[in-house]
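To start, the structure itself, in structure tokens.
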Amino acid sequence: MQRLLVLLVLAGFGALTAVALWQYGYIGIFQLQFQTSAGLQVLADLAIALALVLVWLWHDARATGRNPWPWIVATLALGSFGPLVYLLTRPMQRR
């Protein structure tokens, strides 16, 4: 059930990202955010949230015997796609 939820979020976010990239391009997405203090606040919030996710991801990857570096690089390059794919490929835990 959890993987299905992550997959649905990934699909929806991927579709939204594809539309934004088609309309504005990769650089254009960021240029829009730098035009107002509200946009800068959103970018700062995203940076803080992803930094917290990276700390968790680092510890979780090490605890499960995975190399955290590909996921860190993916997160820095692709944003939330890195942690979402990490969650999809994470080994299932037994209860």
Side-chain angles (χ1 to χ4, degrees):
M1 183 65 176
Q2 290 174 344
R3 287 189 195 260
L4 178 61
L5 180 60
V6 172
L7 188 59
L8 290 173
V9 169
L10 183 60
F13 184 61
L16 177 62
T17 300
V19 170
L21 286 172
W22 179 61
Q23 290 179 341
Y24 298 100
Y26 192 77
I27 302 294
I29 291 172
F30 290 99
Q31 284 177 334
L32 290 171
Q33 301 307 314
F34 284 107
Q35 292 178 2
T36 66
S37 59
L40 287 173
Q41 189 279 332
V42 170
L43 281 179
D45 186 51
L46 176 64
I48 292 166
L50 284 177
L52 294 172
V53 167
L54 283 174
V55 170
W56 168 82
L57 193 146
W58 174 271
H59 291 290
D60 187 74
R62 303 283 291 212
T64 57
R66 299 173 78 185
N67 181 0
W69 286 108
W71 306 106
I72 290 170
V73 170
T75 301
L76 293 174
L78 304 171
S80 297
F81 285 106
L84 286 169
V85 174
Y86 175 84
L87 287 172
L88 279 179
T89 61
R90 187 174 186 266
M92 288 212 173
Q93 292 180 338
R94 294 183 182 161
R95 293 183 184 208

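The chain is numbered in sequence order, starting from 1. The figures that follow rest on heavy atoms only: side chains count, while hydrogens, waters and symmetry mates do not.
- Of the candidates L5, L87, L84, L84 is the only one forming a side-chain contact (heavy atoms from CB on, under 4.5 Å) with L10.
- Looking at every heavy atom in both residues, F13 comes nearest to S80 through CE2-CB, 3.9 Å.
- Residues passing the ring-ring contact (aromatic ring centres under 6.0 Å, His included) test with F34, sequence neighbours excluded: none.
- The aromatic rings of W71 and Y86 lie perpendicular to each other, with more than 60° between the two planes, well past the 30° mark.
- In the displayed structure, Y24 atom OH is contacted under 6.0 Å by at most 12 heavy atoms of other residues, nucleotides or ligands.
- Cluster membership check: F81 does not share its hydrophobic cluster with V42, using side-chain heavy-atom separations under 4.5 Å among Ile, Leu, Val, Met, Phe, Trp and Tyr.
- The side-chain contact (heavy atoms from CB on, under 4.5 Å) with L50 is formed by just one residue from the set L46, I48, L52; it is L46.
- Taken to the nearest 0.5 Å, the CG atom of D60 stands 4.0 Å off from the CZ atom of R90.
- Hydrophobic cluster membership of W69, counting Ile, Leu, Val, Met, Phe, Trp and Tyr whose side-chain heavy atoms lie under 4.5 Å apart directly or via other members: L54, W58, I72, L76.
- Looking at heavy atoms from C-beta onward, T75 lies out of side-chain contact with V53 at the 4.5 angstrom threshold.
- For the pair A20 and I29, the tightest heavy-atom approach, listed with the atom from each and the gap, is CB-CD1, 3.9 Å.
- Under the 4.5 Å side-chain contact rule for hydrophobic residues, L21 and V9 do not share a cluster.
- In terms of heavy-atom proximity, R3 sits nearest to T89 at NH1-N, 3.9 Å.
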